[in-house]
Amino acid sequence: MKFKDQIDVSRVPNHVAVIMDGNGRWAQTHGEMRIFGHLNGVSSVRETLSAAGEIGVKYLTLYAFSTENWDRPREEVAALMDLLVKTIVKEIDDLQENKVRLQAIGDLQLLPENCRKTLNQAIEKTKNNKRITLTLALSYSARWEITQAIRAIGEDVKNNKLQVEDINQVTIDSYLETHNIPDPELLIRTSGEKRISNFLLWQIAYSELYFTSVFWPDFKKEDFYEAIVAYQNRERRFGKISEQVSC
Ligand code: FPP
């Protein structure tokens, strides 16, 4: 039976986050340059977004470019930025037609001007769409995000907009890049690596982690559905015992 048919549609995660990994190694196995892997990774982005939308996932967050990725060879960084712009331009009508709201999190000021402009235009154009929110993590790292949040909290305390004793977990949530997105119930990482690599460290406190050896360019709808089925077979206890959560 196909994985899609095994999904309980009443228990689909609201938010799925994905660490898209393995583009470079996939390209290598095909005797090609790394960028060939990134180019082919775009079709997996499309498949994953479409698969998520089909089963009613409301938020999909993709780790597209980390703060640390700026240290890659200059040509690879330039090619990735170029690919991002071209992909947004190519896909914007489809995003709009499918009622996808595009967002981005990360230190977007570091993106090249044309990239930021194209991204902002697409974000503006799709801002009222309600079917699914696609968040691209770009020039993002969780430690950068948490540092920014702490600085902003400090500023607000200094300016008497916030009292220290009022700071709680909800306050911290509200200062993060993801303030308007619920925490992910499921985090998927492709390519066989079992690391979080500075992604959504605060938000994944209770997320189910799913690792697959499939390289990102080979990750298709059924791979996504397989991850959903695995998620649905887990028991989420949030620190309680089994009997407390099963009744
Ligand atoms: C990780 O593989 C992937 C990236 C750093 C870039 C992801 C980009 C895309 C899938 C294409 C563009 C995306 C959008 C949203 C338009 P890696 O290069 O780290 O692979 P490796 O671990 O095998 O070297």
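Quantities reported herein were computed from a predicted structural model and do not represent experimental measurements. Atoms within each ligand, like the ligands themselves, are counted from 1 in listed order. The first residue in the sequence is number 1, and the count goes up from there.
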**Student:** Pick one: which of Ile105, Leu110, Asn69 meets side-chain contact (heavy atoms from CB on, under 4.5 Å) with Ser139?
**Tutor:** Leu110
**Student:** Check whether the side chains of Glu145 and Tyr140 place a donor and an acceptor atom closer than 3.5 Å, and report yes or no.
**Tutor:** yes
**Student:** Any pair with a residue in residues 37-56 that passes salt bridge (Lys or Arg N to Asp or Glu O under 4.0 Å), sequence neighbours left out, goes on the list, sorted by first then second residue, please.
**Tutor:** Lys4-Glu54, Arg46-Glu91, Glu54-Lys221
**Student:** Identify the protein atoms, limited to N or O, that lie within less than 3.5 Å of an N or O atom of ligand 1, and list each pair with its distance to 0.1 Å.
**Tutor:**
| from | atom 1 | to | atom 2 | distance (Å) |
| --- | --- | --- | --- | --- |
| ligand 1 | 2 (O) | Gly22 | N | 3.4 |
| ligand 1 | 2 (O) | Asn23 | N | 3.3 |
| ligand 1 | 18 (O) | Arg34 | NH2 | 2.8 |
| ligand 1 | 18 (O) | Arg72 | NH1 | 2.8 |
| ligand 1 | 19 (O) | Asp21 | OD1 | 3.2 |
| ligand 1 | 19 (O) | Arg72 | NH2 | 2.8 |
| ligand 1 | 20 (O) | Gly22 | N | 3.4 |
| ligand 1 | 20 (O) | Asn23 | N | 3.1 |
| ligand 1 | 20 (O) | Gly24 | N | 3.0 |
| ligand 1 | 22 (O) | Asp21 | OD1 | 2.9 |
| ligand 1 | 22 (O) | Arg25 | NE | 3.4 |
| ligand 1 | 22 (O) | Arg25 | NH2 | 2.9 |
| ligand 1 | 23 (O) | Gly24 | N | 3.3 |
| ligand 1 | 23 (O) | Arg25 | N | 2.7 |
| ligand 1 | 23 (O) | Arg25 | NE | 2.8 |
| ligand 1 | 24 (O) | Arg34 | NH1 | 3.0 |
| ligand 1 | 24 (O) | Arg34 | NH2 | 3.0 |

**Student:** Under the rule for side chain to side chain donor-acceptor pair (under 3.5 Å), what residues qualify as partners of Arg74, not counting sequence neighbours?
**Tutor:** none
**Student:** Parallel, tilted or perpendicular: which describes the rings of Trp70 and Phe65, with under 30° parallel and over 60° perpendicular?
**Tutor:** perpendicular
**Student:** Which side-chain N or O atoms in residues 162-170 pair as donor and acceptor under 3.5 Å with protein atoms at least two apart or in another chain?
**Tutor:**
| from | atom 1 | to | atom 2 | distance (Å) |
| --- | --- | --- | --- | --- |
| Asn168 | OD1 | Val170 | N | 3.0 |
| Asn168 | OD1 | Thr171 | N | 2.9 |
| Asn168 | OD1 | Thr171 | OG1 | 2.8 |

